[in-house]
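Per chain, numbering begins at 1; letters A, B, ... match sequence-line order.
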Amino acid sequence: MDTLILVIIGLVAGPVIGGLVAGLDRRVTAWFQSRQGPPIMQSFYDVAKLLGKEKMVVNQWQILCAWVYLIAAAVSVGLFFAQGDLLVIFFVQAVGAVFLVMGAMSAKSPFSQVGAQRELMQILAYEPVLILVFVGIYLVTGSFSISAVWELEQPLLAKMPLLYLALGYALTIKLRKSPFDFSTSHHGHQELVKGVLTEYSGPYLALVEIAHWYETVLILGLCALFWSTNVFWMAALLLGTYALEILVDNTMARMTWRWMLKRVWLLGMGMSVVNLIWLYAG
Amino acid sequence: MATTVIPFGPQHPVLPEPVHLTLKVEDEIVKEAIPALGYVHRGLEKLAEIRDYHQMIQVCERVCGICSMIHAVCYSQAIEELMEVEVPKRAEMLRVIWSELHRTHSHLLWLGLFADAFGFESLFMQFWKVRERIMDINEATTGSRVIVSVNVIGGVRADLSPEQIRWILGEIDIVEKEVRALQDTIMNDYTVKARTVGVGVLSKENAYLLGAAGPTLRGSGVAQDMRMLGYGGYSELDFEPVVETSGDCWARSTVRFRETLQSIDLVRQAIAKLPEGELAAKVKGNPPEGEVYMRVEQPRGECVYYIKGNGTKHLDRLRIRTPTFANIPPLLAMLPGCELADVPVIVLAIDPCISCTER
Amino acid sequence: MKGKVINVTTDTVVGEVMKMKNDGHRLVTFSTYQVDEDGLGILYHFDKNLETTHLRLTVKRDAPIPSVSGVYFAALLVENEIRDQWDVKFDGLVLDFNRTLYLDPEVTQVPLVSNVKIEPKK
Amino acid sequence: MLFTPTVIKNLLKKPATRLYPFTVREPFPNYRGELYIDIDACIFCGTCARKCPSQCIEVDKEQGLWSCDPHACVYCGICRDTCPTKCLHMKDVHRKPMTERIMMVEKGEPPKPKKKAAEAAPKAEAEPKADDADKGESKKADAKKK
Amino acid sequence: MFGSFIKKSRAKSPWIMHFDCGSCNGCDIEVLACLTPLYDVERFGIINVGNPKHADVLLVTGTVNHRNKKVLKNIYDQMPEPKAVIAIGACGNTGGVFRDAYNVVGGIDKVIPVDVYVPGCPAKPEAIIDGVVVGLGKFAQKVEEAE
Amino acid sequence: MSNLLFLLILLPAVAAAVCYFVRSSAVRTLTVLATGAILTAASLALLGQETQPLTVGSVLGIPSDFLIAVLDFALLGVIFMYGVKHKSLLIQGFTLAQAALLAWFELIMVKSAEVPAFAVDQISLIMVLVVSIIGSLICIFAIPYMKEHEEHLHLKKSRQPQFFFFMLLFLGAMNGLVLSNNILWLYFFFEVTTLCSFMLIGHDRTEIAIKNSVRALWMNSLGGLSFVIGMMLVYSKVGTLDISAILAGGPQGALMVTGVGFLCLAGFTKAAQVPFQSWLLGAMVAPTPVSALLHSSTMVKAGVYVVLRFAPAYSGTLLSDGVAVCGAFTFLACAALCIGQSNGKKILAYSTVSNLGLIICCAGLNTPLAITAAVLLILFHAISKSLLFLCVGTIEQAIGSRDIEDMRGLYAKFPRTATITIIGILTMLLPPFGVLMGKWMALEAGAANIYVIIMLAMGSALTMVYWARWGGLLMASREAGAAREKQAALISLPLMTLCLGAVVLSLASPWIYNSMLAPMFNAPPFALSFGSLNAATGSFAVVPLFLALGLGALYAVKAASGFRKVKIVAPYLSGSNAGEEGTYIGPMNGPVPFSAGNMYLGELFAEGKLTPVFNALAVALIVLMLGGAL
Ligand code: SF4
Ligand code: SF4
Ligand code: SF4
Ligand code: SF4
Ligand code: SF4
Ligand code: SF4
Ligand code: SF4
Ligand code: SF4
């Protein structure tokens, strides 16, 4: 029963938190650029407006894929709040990612096609890192379940600092921030227009956006696990991490997927492996 | 088989102007790039047949709204040469000041757009923020931010008061400081270099043979700057063409960055040497029969006007060759083999202005 | 007009342009003007160390003009432009847009020649 | 990451944003904004119409009508500078956007056919007054309102 | 309640798309300048999206010619309702100085319906902001009428 | 029970003979259908049986063990003949060595008492189900397929009799293989599959088909040789041919473990593990039902079965780790090679090898969790993969190409096939379906071994990529009123059955686990509650996930099917769309058609460059593995 209540809280709070984070993000980004920026509630206005727009698609697959993306993202957040298995949560989240890609590929538009391919490259880059992070958690707690994390005496961060850094790569990719914002970017000034999102419009774009909020919450939740012992430090860790994300977003050029693959596989995986070896040894 | 054909333009967010490239890519490597033009073609050269030669100044300014001043200067100088009009020294120097202000704003604008081309939005914002001071100077001294309309045949229509000059000097000091603060980012930042160094390389020979112009040519190591012809007030100023040798996008952006500082310096020199005197010479009659070939240096490079007069107030032929027109063949040569993500960077690196290309 | 002007004919133009290239000149552009009812003047502008040289070619519009795009690739765009604006043909143009560089079928006049209709597209 | 000092500086300083339209800064006095005419001073000489590079002014000397298409005007100020009576002026703020196309039409008093004027503009006929005045006035009001 | 939130949101989140229809760049760069720190139209929730399918408001600069009129029409058709069109600058309004040239069709309203005309050559960023504000008013009005 | 076993093994052989000698297509069709039905029934019936070892006394008065020995040599003789015919020294050498060693083994070493020939346990039960049901469906699919196939080839004389002969024989051999309890019997069936696969791969008799079949034969002969060596080494230590006895004893010293190592190596060759993957890839020249049969449910599964079967015999040894690492390496290497492929069957081939690697890795990990993962993977992989093979076959016959780039937008013309293929792909890579569940267990089991987990993590990501893009490119718009797609009943039946099976069995997986797998272990890895599999290390909420995602997906499908009410617009093409969907006005004012291609990461994952590297690494790993056993 408790689990069910937690799941419902997660499902409701997910988009609220995700939307607020997105709004804050835009505001802080504006400050970094010496601008005033939009209201904090802007993301909600955007999505509400999109929901009120005319429904327009290239074909029915897009409708299907947008919905499945949202549902999978929501389910993964639900599972997270239900203290589920990290790997399962991740795979459920991957359902969404795959459907987003497939929906983009259903349209005869080179932009969404290439965007979809790049999205796949991103999955290729972050998936191994995330799995290794979960393995790290398993090695520390003896389980892949989130519930085990709360029983720790010492924050995960103390044992897996390098894995946290590697997680940073995955976080940046998932949040679609520079230097990894090539499958689609927040500002439409990209060689691929809106990349993987080019053909989603109106209410379906809103679904994708809400799903993205869920994903943001999921990945922030993942970060939160790293300081599970103290709420204050957890908040500080999250704030610091996100602030760093915004800073990185604002001080780096967009790179290419080739660069990303090499970088994340060498550095991200490298750091993860070093940290893992340490955990295995210890 | 795994070829993707990408219609790059005419409406495309990284190309603020409508132009089209059909890109054939494999694994995001460009194999072939074919352009399509004509989305901005208006046919304004032909307007010379129905507008008189004074009115054509306003038309020529609108060949391109970014370096409008310099188009007007080039056109006016051509007509003045044809009609053998002596332009007052003060007017010549004022033309230099506004031309260099235009070059500054154009380069700052470009640096911003270039940053945007590799997804560095904050840097774009920063350059455009700095640029607004130049726009304010334009607006305060000429009455318009972009298309300033201060040229007339024989001179200029506006003047600078001593207070304005003092204010301008103060403003450009600030601009220079803020621009210099960005030097490290645009020239040395790791991610910026990763996106520009070695991208779109144009060798010195190719740049020359393909007829590149302006910073594109100078970035490949050819020291050619039409201002060295010494037209207008430039003969009295002290400067050297800015040259980089690596021929890649980094070199082109560095040339423009250094030219921005050079232009600010030229504004200072011109103000220091601003003589007293008339603003415009009296112009009587119509351009006589004859031909004139006039070249000036625009922010994007060498701009050529060919004018044929016939003794009436309408010109027989007005022909404009703009720098972007010259830079398109080199662009086509640079694209094959690059990554799709580098296409915007390479395209932007020639500082395309399609409006003036197609007129 | 400043700079040296050399008169050429359709027979000699490619050779002269080749000579300019071998001399290390940069092709700047061509300019065109109307000579008479069906005559077209083309000026080939060259630059070397800020010195200008012009080749002047006068042709009738109904005969094809030898293209120099094989010598200077950069001539491709301007030759296509002239093709659009004067309805002339170039022999050996590297990439011939066939009068679609700027013009659409809606424009029925040859732009820079008065009272000449564009032939309907095949 | 070399850009970090700049963004931090931006973060610590007040945003550079001008809060237009909530606060409007003092316009530059020279700005060539909205063109308007002091119709009472106009002598309907047509100079402005002839000099306008955009050819957007029409002057009907016989009826005393001066009209300009503000949508076609390029705000170059040539007309203002060449008007012999200096009856054309430009505000230092831009013309406000409109939801419909309008035409500025001003009706004034056509000059009496004097001998001197007759040389330049032959046979300007005397005109019954204010036939179209109402129409002109209403359009003018419309134009100004926006 | 949600319906009224959507209605309110429409005015608070106008995503614009800029299409340069053969402009001299004068107006273009002023449109771009609107996004930059000194004008920052993101204050009003405005995002410059490069894609008609995401746009609410189409900002058009420049003269229409025979080639780009098809593009203009196409883009307009790909925008989902409700939508508004703002023609910017003398060129967008009427064709401007170029309207007598042989390849010029004229203003934007020759091809698609225009909701707001922003005069100027080029239109100042302030004028463009005013134009968007007027456009939003028109937008709300159109939605009312449709309902 | 004994009747059922004979039915499962001998009926296919008899049916095969019927197909071969009665050259009527109607009879053939009936035979195949009937065999399929009976095999299915028999395998299901076996489920309800008491399991106990079974001894086969004599057949027609000849002692059965002797009969098998004779048949062994006869088989080797046939293979040697083919070696001579195709001038392959490798085949000749390997077979001669095998024959010599086998003779020595049987005549000198073995002093056996009677050993039960057959035994049924959980693993073999599942294998029998897989072989009998999926194998039968594939054979049924082959009926219309081969008809059309021969029409394409314009054959004068139908060669379907041979074809179905070997197909059905294969099923029998497989059933025999998985049920054998006598290691010599196992070896016999192992060799039968080698010969059948050789015949089937070379079925089309094109130059390339023959070349590839010869390659398959020599590699599998090497496997046979390795099997014989392994058998001898193991026997020399434990002194019995009884597999259950061998397993019960666990690892017994270096020599015996090395012997098991050789048996595993034999399994590797059969399961086409790197560096032996090339035979399986080459086998793709065969008609698609062959690929489906060989590479989803039978031949290659024989390989992993051997490795899995002997898992208890090497548990806790270095060999076990070696097997795990080799398997994980194959998983990663083939996933990487797969990224670069656009040939649909090659993708399936690499993905098969890759998944087999994962199963072998699980066997090597050798914990209850890992063994559960292995068995579930065998089951679900067989279903989904055979479905996909059949889909590719159907598509190939429809569009004349097996290149996935040519399948772009398949939905527009062939909505049924495309949808089934998409579902097939989804069941291969996403939760809550069985293959992913297996992968999940494998990852959780592998987390204890750093080498394994790193390779699994990377391989898992690569897998996601090559499936997702294939699934995506099949989707497309379909014009209203486009012609309906026709599918022959015998094509539809296997496709729909497999498709449904993949989904329903995934949903039922907790109960499958509970009833069939949990009894295998003293300490079952999972507890079942609310339809979730719970363990200390993690839990997979199968039924809740099915409910959440399934209901969600149903809602999404409903929303999508209302698409006619939504405005349909052309895709965005920078504003230059021409009339037709996807076409735009390009240079010279002319139309340019849509064209898109996947990224194949040519510079990173070039098959030609990577294969030698992977092969070398794999050889090194295998040497290490065998060395580790000593
Ligand atoms: S293209 Fe170049 S010359 Fe032409 S207007 Fe633009 S900047 Fe000026
Ligand atoms: S020249 Fe530059 S600023 Fe002007 S429209 Fe093109 S990209 Fe934009
Ligand atoms: S033309 Fe001159 S006199 Fe006449 S109304 Fe205008 S300003 Fe007055
Ligand atoms: S006097 Fe004649 S030329 Fe002068 S303003 Fe009047 S009408 Fe024009
Ligand atoms: S300001 Fe310029 S364009 Fe406008 S009416 Fe006057 S002369 Fe014409
Ligand atoms: S700004 Fe408008 S009215 Fe003025 S010249 Fe240009 S097009 Fe004509
Ligand atoms: S030039 Fe002045 S006086 Fe003459 S018509 Fe124009 S506004 Fe009137
Ligand atoms: S209105 Fe003026 S500034 Fe704007 S595009 Fe047209 S000519 Fe350029």
Please classify the contact between [X] and chain F as side chain, backbone, both or neither, with a heavy-atom cut-off of under 4.5 Å.
{"X": "A:Y126", "answer": "neither"}
{"X": "A:A94", "answer": "both"}
{"X": "A:Q117", "answer": "both"}
{"X": "A:Y204", "answer": "side chain"}

By a 4.5 Å heavy-atom criterion (distance strictly below it), what part of [X] contacts chain A: side chain, backbone, both, or neither?
{"X": "F:L426", "value": "side chain"}
{"X": "F:L474", "value": "neither"}
{"X": "F:L429", "value": "side chain"}
{"X": "F:L436", "value": "side chain"}

For atom NZ of A:K159, is the number of surrounding heavy atoms from other residues, nucleotides or ligands below 6.0 Å larger than 12?
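Counting other residues, nucleotides and ligands, NZ of A:K159 stays at 12 neighbours or fewer.
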
Looking at [atom1] of [X] and [atom2] of [Y], how far apart are the two atoms once the value is rounded to the nearest 0.5 Å?
{"X": "A:F134", "Y": "F:L443", "atom1": "CZ", "atom2": "CG", "value": "11.0 Å"}
{"X": "F:R408", "Y": "A:K108", "atom1": "CZ", "atom2": "NZ", "value": "10.5 Å"}
{"X": "F:L462", "Y": "A:L120", "atom1": "CG", "atom2": "CG", "value": "11.5 Å"}
{"X": "A:F111", "Y": "F:Y572", "atom1": "CZ", "atom2": "OH", "value": "5.5 Å"}
{"X": "F:E444", "Y": "A:D85", "atom1": "CD", "atom2": "CG", "value": "4.5 Å"}
{"X": "A:T198", "Y": "F:L573", "atom1": "OG1", "atom2": "CG", "value": "10.5 Å"}

What pair of heavy atoms forms the shortest contact from [X] to [Y], and how long is it?
{"X": "A:E127", "Y": "F:M464", "value": "OE1-CE, 3.1 Å"}
{"X": "F:A468", "Y": "A:V98", "value": "CB-CG1, 4.0 Å"}
{"X": "A:I131", "Y": "F:S460", "value": "CD1-OG, 3.8 Å"}
{"X": "A:L132", "Y": "F:A457", "value": "CD2-CB, 4.0 Å"}
{"X": "F:A448", "Y": "A:Y280", "value": "O-CE2, 3.2 Å"}

Just so I know, are the side chains of F:I422 and A:W61 near enough to count as touching, which here means a heavy-atom distance under 4.5 Å?
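A side-chain contact under 4.5 Å exists here.
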
What option among F:P431, F:G409, F:G552 has the most heavy-atom pairs under 4.5 Å with chain A?
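Looking at each of F:P431, F:G409, F:G552 in turn, F:P431 comes out on top.
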
With a 4.5 Å cut-off on heavy-atom pairs, point out which of [options] contacts chain F the most.
{"options": "A:V68, A:L87, A:I71", "value": "A:L87"}
{"options": "A:L276, A:L261, A:V95", "value": "A:V95"}
{"options": "A:L86, A:V88, A:L79, A:V135", "value": "A:V88"}
{"options": "A:G136, A:A107, A:P110", "value": "A:P110"}

Should the ring pair A:W67 and F:Y555 be called parallel, tilted or perpendicular, given that the plane angle runs from 0 to 90° and is split at 30 and 60?
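The rings of A:W67 and F:Y555 stand perpendicular, inter-plane angle above 60°.
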
What verdict does the side-chain contact (heavy atoms from CB on, under 4.5 Å) test give for A:M269 and F:I454, after you've listed the backbone C-alpha separation in whole Å, the side-chain angles of each residue and the deciding distance to 0.1 Å?
CA-CA 9 Å; A:M269 293 289 284; F:I454 290 171; 4.3 Å; yes

